[in-house]
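By convention in this document, chain letters (A, B, ...) are assigned in the order of the sequence lines, proteins followed by strands, and residues within each chain are numbered from 1. FYI, side chains are in, hydrogens and waters are out, and symmetry mates aren't considered; it's all heavy atoms of this structure. Source: prediction; values computed, not measured.
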Amino acid sequence: MLASFGKGLPLSFYLRPVAEVAPDLLGRHLRLGPVTLRITEVEAYGGQGDSASHARSGRTPRNAPMWEEGGRAYVYFCYGMHHMLNVVTGPAGQAEAVLIRACEVVAGLELVLQRRGGVKGPALLTGPGKVAQALGVDLTRTRETFFEPGGLELLEGSPPDGMLRGPRVGVDFASPEDRDRPWRFAVAGTRWVSQPRTLG
DNA sequence: CACAGGATCGTT
DNA sequence: ACGATCCTGTGT
């Protein structure tokens, strides 16, 4: 019999404030083809008013998907080698998104190991670049909704027992107010978290 | 057209 | 602590 990973999340799930959707994504399942991951760490990024967000300087070709209706992917290329996967939230015009920072493998371990170069332990999937690499997500996925057959899917998954939160990683360039905003969320007690140091 | 920098990762 | 590596936004 086929393993069931739950139903797909409805559009209404995404059409809420980003700081509400982000913690609600913990424990959800992210699937693309044969690989299914359980989300263990995320970060919320706000719209134009958030100086840490790609939306801070208005709409550009790269961040255009952020301005569209929630329930789709925003993928960008970083440091010349890493792809970052975000979940766009809110109605069109809000430009809010959640960065998927870490996961644990639910299905497709063999392919994940292959894509990640045989790395073992938490280093397999703790960090946003690693998540995209494991899923096989690249720039061609940006703007794609989570409702397309054969595409990226977000499923109900299993809720976490507890949650940790802390400031976002790598946003020292932002205003003090935005830098200190506790918009990073992680499943409590899991090894599948990047830089656990700054989480409480 | 040229340039500086980045929501990172893996090694030193 | 640092280098890889190239897309992107900004300015000329």
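A donor-acceptor contact closer than 3.5 angstrom is absent between the side chains of A/Ser51 and A/Arg56.
Put simply, the side chain of A/Thr36 does not reach to within 4.5 Å of the side chain of A/Leu30, judged on heavy atoms. Inter-residue side-chain proximity for A/Arg101 and A/Val169 is flagged as met; some heavy-atom pair is nearer than 4.5 Å. A/Val75 has its side chain out of reach of A/Glu144: every pair of non-hydrogen atoms, C-beta onward, lies at least 4.5 Å apart.
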* **A/Arg116 vs A/Gln133, side chain to side chain donor-acceptor pair (under 3.5 Å): CA-CA, chis, key distance, verdict** => CA-CA 7 Å; A/Arg116 292 281 302 122; A/Gln133 185 183 24; 2.8 Å; yes
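For the contact set between residues 112-129 of chain A and DNA chain C, defined by any heavy atom under 4.0 Å, there are no members. Proximity of residues 132-140 of chain A to DNA chain C (heavy atom under 4.0 angstrom from any strand atom) is not detected for any residue.
For DNA chain B, the outermost nucleotides in 5' to 3' order that have an atom under 4.0 Å from a heavy atom of chain A are B/dG6 to B/dG10.
One distance of note links CG of A/Leu26 with CD1 of A/Ile39; it measures 7.5 Å at 0.5 Å rounding. In this structure, CE on A/Met163 lies 10.5 Å from CG on A/Leu199, to the nearest 0.5 angstrom.
The cationic atom of A/Arg72 (NZ for Lys, CZ for Arg) does not lie both less than 6.0 Å from the six-membered ring centre of A/Phe146 and within 45° of the ring axis.
Exactly one residue among A/Phe173, A/Phe77, A/Tyr76 makes a ring-ring contact (aromatic ring centres under 6.0 Å, His included) with A/His54. That residue is A/Tyr76. When the options A/Leu85, A/Val42, A/Asn86 are evaluated for a side chain to side chain contact (heavy atoms under 4.5 Å, CB included) with A/Leu99, the one that passes is A/Asn86.
For the OP1/OP2 pair of C/dT10 and a distance below 4.0 Å, the side-chain nitrogens and oxygens of A/Ser57 include at least one atom meeting the criterion.
For A/Asp24, the salt bridge (Lys or Arg N to Asp or Glu O under 4.0 Å) partners two or more places apart in sequence, or in a different chain, are A/Arg16, A/Arg28.
Salt bridge A/Arg38/A/Glu104: present, at least one basic N to carboxylate O contact under 4.0 Å. The existence of a salt bridge linking A/Arg168 and A/Asp50 is confirmed by a sub-4.0 Å separation between a basic side-chain nitrogen and an acidic carboxylate oxygen.
Across all strands shown, A/Tyr76 has heavy atoms under 4.0 Å from base atoms, whether or not it also approaches the sugar-phosphate. A/Arg168 comes within 4.0 angstrom of nothing in the nucleic acid, heavy atoms only.
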For nucleotides 3-6 of chain C, which of its nitrogen or oxygen atoms have a protein nitrogen or oxygen under 3.5 Å away, and what is each distance?
from: C/dT5; atom 1: O2; to: A/Tyr79; atom 2: O; distance (Å): 2.5

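Taking the nucleotide of DNA chain B with the nearest heavy atom to each of A/Lys130 and A/Val169, the more 5' of the two is matched to A/Val169.
With a 6.0 Å radius and a threshold of 12 heavy atoms from other residues, nucleotides or ligands, A/Glu20 has its CD atom above the threshold.
When all heavy atoms are compared, the tightest approach of A/Arg165 to A/Pro182 is NH2-O, 2.9 Å.
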* Asked: So what is the 5' to 3' dot-bracket string for DNA chain B, if pairs are Watson-Crick or G-U wobble with both distances under 3.5 Å, crossing pairs use [ ] and | means the partner sits on another strand?
  -> ||||||.||||.
